[in-house]
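Below is one structure, written out as structure tokens; comments come after it.
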Amino acid sequence: MTQSSDIDWPKLLQQAIEARNFAYAPYSYYKVGAALLTKNGTVFTGCNIENAGYSSTICAERTAIFKAVSVGELDFVAIAVVTSNAGAPCGVCRQVMREFAHDLPVLVGNIAGKYQIFSLTELLPQSFGPESLS
Ligand code: THU
């Protein structure tokens, strides 16, 4: 198990900042970038991708997570999320994180490089997860 202190947070933050450059946000103009570190050391990046049918929009975090899961990477170590104003991940993304990690460290940062690290249990207390169905 990778300790939070072993993670190169500034590097993960930088990868999220770079991913944010690809954000497709012609409706909200609110660009988001994410960088997801998996257990084998791979980083999957993501950006938000909006749609004229607004509900078809996908967030940056889920883009990164689905990229990882779609190639069989299910062991998550950490995720960094970057916006202009350090906005926190939405509830849907928190729930998707919860599916694959019980207590993921989540960096929430801005493009100037300022950040805070939360645990997923802080962001989503009393959560519903896969084991809730058993
Ligand atoms: N957005 C994300 O990418 N992640 C979040 O956790 C919150 C919201 C995106 C979706 C939409 O493209 C824009 O930010 C405004 O809601």
Side-chain angles (χ1 to χ4, degrees):
M1 171 98 177
T2 313
Q3 298 296 308
S4 193
S5 54
D6 295 336
I7 297 164
D8 188 344
W9 289 109
K11 187 176 170 194
L12 202 62
L13 171 64
Q14 189 53 39
Q15 286 166 301
I17 290 172
E18 283 166 23
R20 183 178 169 275
N21 292 328
F22 295 112
Y24 177 77
Y27 305 106
S28 73
Y29 303 109
Y30 189 73
K31 295 180 170 193
V32 187
L36 173 71
L37 174 66
T38 62
K39 202 172 171 185
N40 73 12
T42 307
V43 173
F44 292 87
T45 58
C47 60
N48 54 328
I49 304 169
E50 298 187 345
N51 194 282
Y54 291 177
S55 62
S56 303
T57 291
I58 188 160
C59 293
E61 299 90 316
R62 278 177 290 145
T63 302
I65 291 169
F66 295 157
K67 279 168 71 178
V69 173
S70 67
V71 292
E73 292 257 11
L74 305 180
D75 290 324
F76 301 168
V77 171
I79 190 166
V81 185
V82 168
T83 62
S84 56
N85 61 352
C90 79
V92 172
C93 290
R94 294 177 196 200
Q95 183 64 33
V96 171
M97 290 174 200
R98 171 65 179 83
E99 182 68 23
F100 302 102
H102 195 266
D103 202 8
L104 190 70
V106 181
L107 177 155
V108 179
N110 68 18
I111 46 178
K114 206 164 181 286
Y115 65 90
Q116 271 186 286
I117 297 164
F118 301 95
S119 69
L120 183 56
T121 49
E122 268 180 280
L123 297 177
L124 193 69
Q126 304 299 326
S127 62
F128 186 89
E131 66 286 348
S132 306
L133 292 174
S134 58

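Whatever order the structure lists ligands and atoms in, that order sets their numbers, starting from 1.
- Side chains of Gln95 and Glu99: no donor on one and acceptor on the other come within 3.5 Å.
- Contacts between Ser28 and ligand 1 below 4.0 angstrom, taking non-hydrogen atoms only, involve the side chain exclusively.
- Of the possible polar contacts, none joining the Asn48 side chain to the Ala23 backbone as a donor-acceptor pair under 3.5 Å is found.
- Side chain of Thr63 to backbone of Cys47: a donor-acceptor contact under 3.5 angstrom is found.
- Considering backbone and side-chain N/O of Thr57, none are found under 3.5 Å from N/O of ligand 1.
- Ligand 1 lies less than 4.0 angstrom from a heavy atom belonging to Pro89.
- Residue Cys59 places no N or O, backbone or side chain, under 3.5 Å from any N or O of ligand 1.
- For atom 6 (O) of ligand 1, the nearest non-hydrogen atom from the set Lys31, Glu61, Arg20, Glu50 comes from Glu61.
- Considering only non-hydrogen protein atoms, atom 7 (C) of ligand 1 sits nearest to Cys90 CB, 3.9 Å.
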**Message:** Let's go through Arg98 and Glu131 carefully: what are the C-alpha distance in whole Å and the side-chain angles of both, what is the deciding distance for salt bridge (charged side-chain N to carboxylate O under 4.0 Å, His left out) to 0.1 Å, and is it a yes or a no?
**Reply:** CA-CA 11 Å; Arg98 171 65 179 83; Glu131 66 286 348; 2.4 Å; yes
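- You'll find the side chain of Phe118 stays beyond 4.5 Å of the side chain of Leu124, heavy atoms only.
- Scanning the protein for heavy atoms near atom 3 (O) of ligand 1, the closest one is Ala60 N, 2.9 Å.
- Asn85 and Tyr30 share a donor-acceptor pair across their side chains, judged by distance under 3.5 Å alone.
- Closest to atom 14 (O) of ligand 1 among all protein heavy atoms lies Tyr30 CD2, 3.5 Å.
- Of all protein heavy atoms, the one lying nearest to atom 9 (C) of ligand 1 is Asn48 ND2, 3.6 Å.
- Here the side chains of Thr45 and Phe22 are not in contact, with every heavy-atom distance at 4.5 Å or above.
- There is no protein heavy atom closer than 4.0 angstrom to atom 16 (O) of ligand 1.
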